[in-house]
Amino acid sequence: MHIPDGYLGPETYGSFWAAMLALLYVAGRKLKKTLKASDAPLLALGAAASFVVMMFNVPIAGGTSGHATGAMLLAAVLGPWAAFVCMSIALAVQALVFGDGGITSYGANCFNMAFAGVFSAWALYRLLAGRAARAGKGKNKRTLFAAGCGAYFGINVAAFLTALELGIQPILERGAGGRPLYNPFPLKVTIPALMAGHLTLFGFVEVAFTVLGLAYILKSHPELVYTGENR
Amino acid sequence: MLGNGQEKNKKANTGKKQKLPAWLLAEEGKADGQKTGFPLRKGSKNSGMALERTLKAVLSFLEDALFNEKTASRSGLLQKVEPRTKIVVIALLLIGLSFERSLAGMSRFIALGLVLAALSRIPAGMYLKRLLPGVLFTAVIALPASLGAVTPGQPVFTILTHHSIYISRQGLLAALGLVARVTGSMMIVLLAGFTTRPPELVKAVSFFIPGFLKTVFSMSYRYMFFLVRRLEEFILARKARGAYHPGKGGTGKGRGWAGRSGPDRKWVGSRAASLLIMSLKLRRELEFAMEARGAAEEVREPGLPAFRFGLYDAALVLLAAGAAFI
């Protein structure tokens, strides 16, 4: 789902960079209210965990495997704002040090996966889980169901946004003779191409990863699940 | 030769019909964990491949980090440039390339990337190894864009006259443009990674981040390394225990929704959760350690040495600005 450099034109990537800088500023202020200045290592560890979580390949039925973003799992443990910041840092290191993703497209990648992916997953999770996440034992099934739905929704929202950003390039940026300058495929190609894989395959990878990971945490360290009150 | 006592013991043992556990009698690779309780379960081809892929990602991370450290310590052009200045140079080149509209202009950036790589003594093999997967992936993606059905325009080559399937000039230029743009961008980004030690690169970027997140960002890389090593240990421990056999498959029938890869999926979920738990526990330990040292108020992360702007730095900024805006 990472958009590499060269697929998005300056108008698009510039807008997303601006949006992300504003969102990260807001996130920084939000976290500063709840965390102390000495809590910087805590977020750095969260960012490292996010980076490592994205390395896991999850085996799924039919001889395939895929890797999850871990957006819902991170949000369930760290809270949505911290998960957003941690994923943004992990994506930055991936792009900069290892050339995985893009620098110009970093704003868009971050917006799709770290912001929209995390917050859409979190919204559905809280809606479905209600107070179950706070209730702890005996309510785990509902929490896991909510997390699974959130994970599926979150990754598909992120994929849909990616498809939109790629698909509008031929409309926004054209050169001499009408040739596309960046991603050449229109929305009617990018949306089915990205959504088919995510609705049928990668969405379920994310669900399996989130539900199994969260089930383990609920069983072994339920106090670590984020409720908004325990951080 | 066995003594009398030993022979008696042997007879006594066999007489009691003592059975070896089924899992010990089972041939390697034929053990069935579900029926015999054999702890070394046979995984599916799928699950084995997934674990191998995860291990490959871990090893690739470690290898890349180590290789970047090695090339960054070489004496080359970009290695002499201040990391913060290098970030500005890379940003200028990437922005310049993104505004470029002609194939000739994009080729200029690719040529510049090649020259900078050669002057920075980056091994060609490793540069290509990191570059090729992304370039080939883009080439495959871009290929259909050359068809008239996707990008209508002036036909340059007709594939099927009857169905009017042809390659259009506009489509061909769009596909070539995408490949050239992605190649150039990747070449530029890789230059930064190859010529700067990863922790320094992260710290150089954090220089441009204001406030609270600056410290978080500059600290994150070392913890990434720590957790990746833990993940490597998890996988190697699982491999050492023979808990899966890559490439030996099964149908997964009669094993519920999860099939044979179910336990491996569970393992992946539990290990990812373990890493998260580990990081949360480690942060508590860090908090206590910092409090014990009396550093509870603010964390100070050692930054880069004082900013310097020498001849190399100035020359490179001018070169990048020239390439980007002229």
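Here is the naming used below: chain letters follow the sequence lines, and residue numbers restart at 1 for every chain. Side chains included, hydrogens not; waters and symmetry mates left out as well; all remaining heavy atoms used. All figures in this text were calculated on a predicted structure; none of them were measured in a lab.
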Contacting moiety of [X], where chain A heavy atoms sit under 4.5 Å:
| X | value |
| --- | --- |
| Phe226(B) | neither |
| Leu201(B) | both |
| Ile95(B) | both |
| Thr151(B) | side chain |
| Thr196(B) | neither |
| Leu231(B) | side chain |
| Val179(B) | neither |

Practice prompt. Against chain A, work out which of Val202(B), Ile277(B), Ile209(B), Leu282(B) has the most heavy-atom pairs shorter than 4.5 Å and name it.
Written response: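 Most pairs with chain A among the choices: Ile277(B).
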
Discussion item. Counting heavy-atom pairs closer than 4.5 Å to chain A, which one of Ile87(B), Leu275(B), Val182(B), Val205(B) comes out on top?
Written reply: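 Among Ile87(B), Leu275(B), Val182(B), Val205(B), the one with the most close pairs to chain A is Val182(B).
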
Fill in: CA sep, side-chain torsions, deciding dist, call: Lys281(B), His221(A), side chain to side chain contact (heavy atoms under 4.5 Å, CB included)
CA-CA 11 Å; Lys281(B) 285 190 164 178; His221(A) 293 83; 2.9 Å; yes

Worksheet item: Which answer fits Ser50(A), side chain, backbone, both or neither, if we ask what part of it has an atom under 4.5 Å from a heavy atom of chain B?
Response: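 Contact with chain B involves no heavy atom of Ser50(A) at all.
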
Worksheet item: Which bit of Phe51(A) is near chain B, if near means a heavy-atom gap under 4.5 Å: side chain, backbone, both or neither?
Response: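 Contact with chain B is through the side chain of Phe51(A) alone.
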
Under 3.5 Å, sequence neighbours excluded: what are the donor-acceptor pairs made by side chains of residues 82-96 of chain A?
| unit_1 | atom_1 | unit_2 | atom_2 | d |
| --- | --- | --- | --- | --- |
| Ser88(A) | OG | Phe84(A) | O | 2.7 |
| Gln94(A) | OE1 | His2(A) | NE2 | 2.9 |

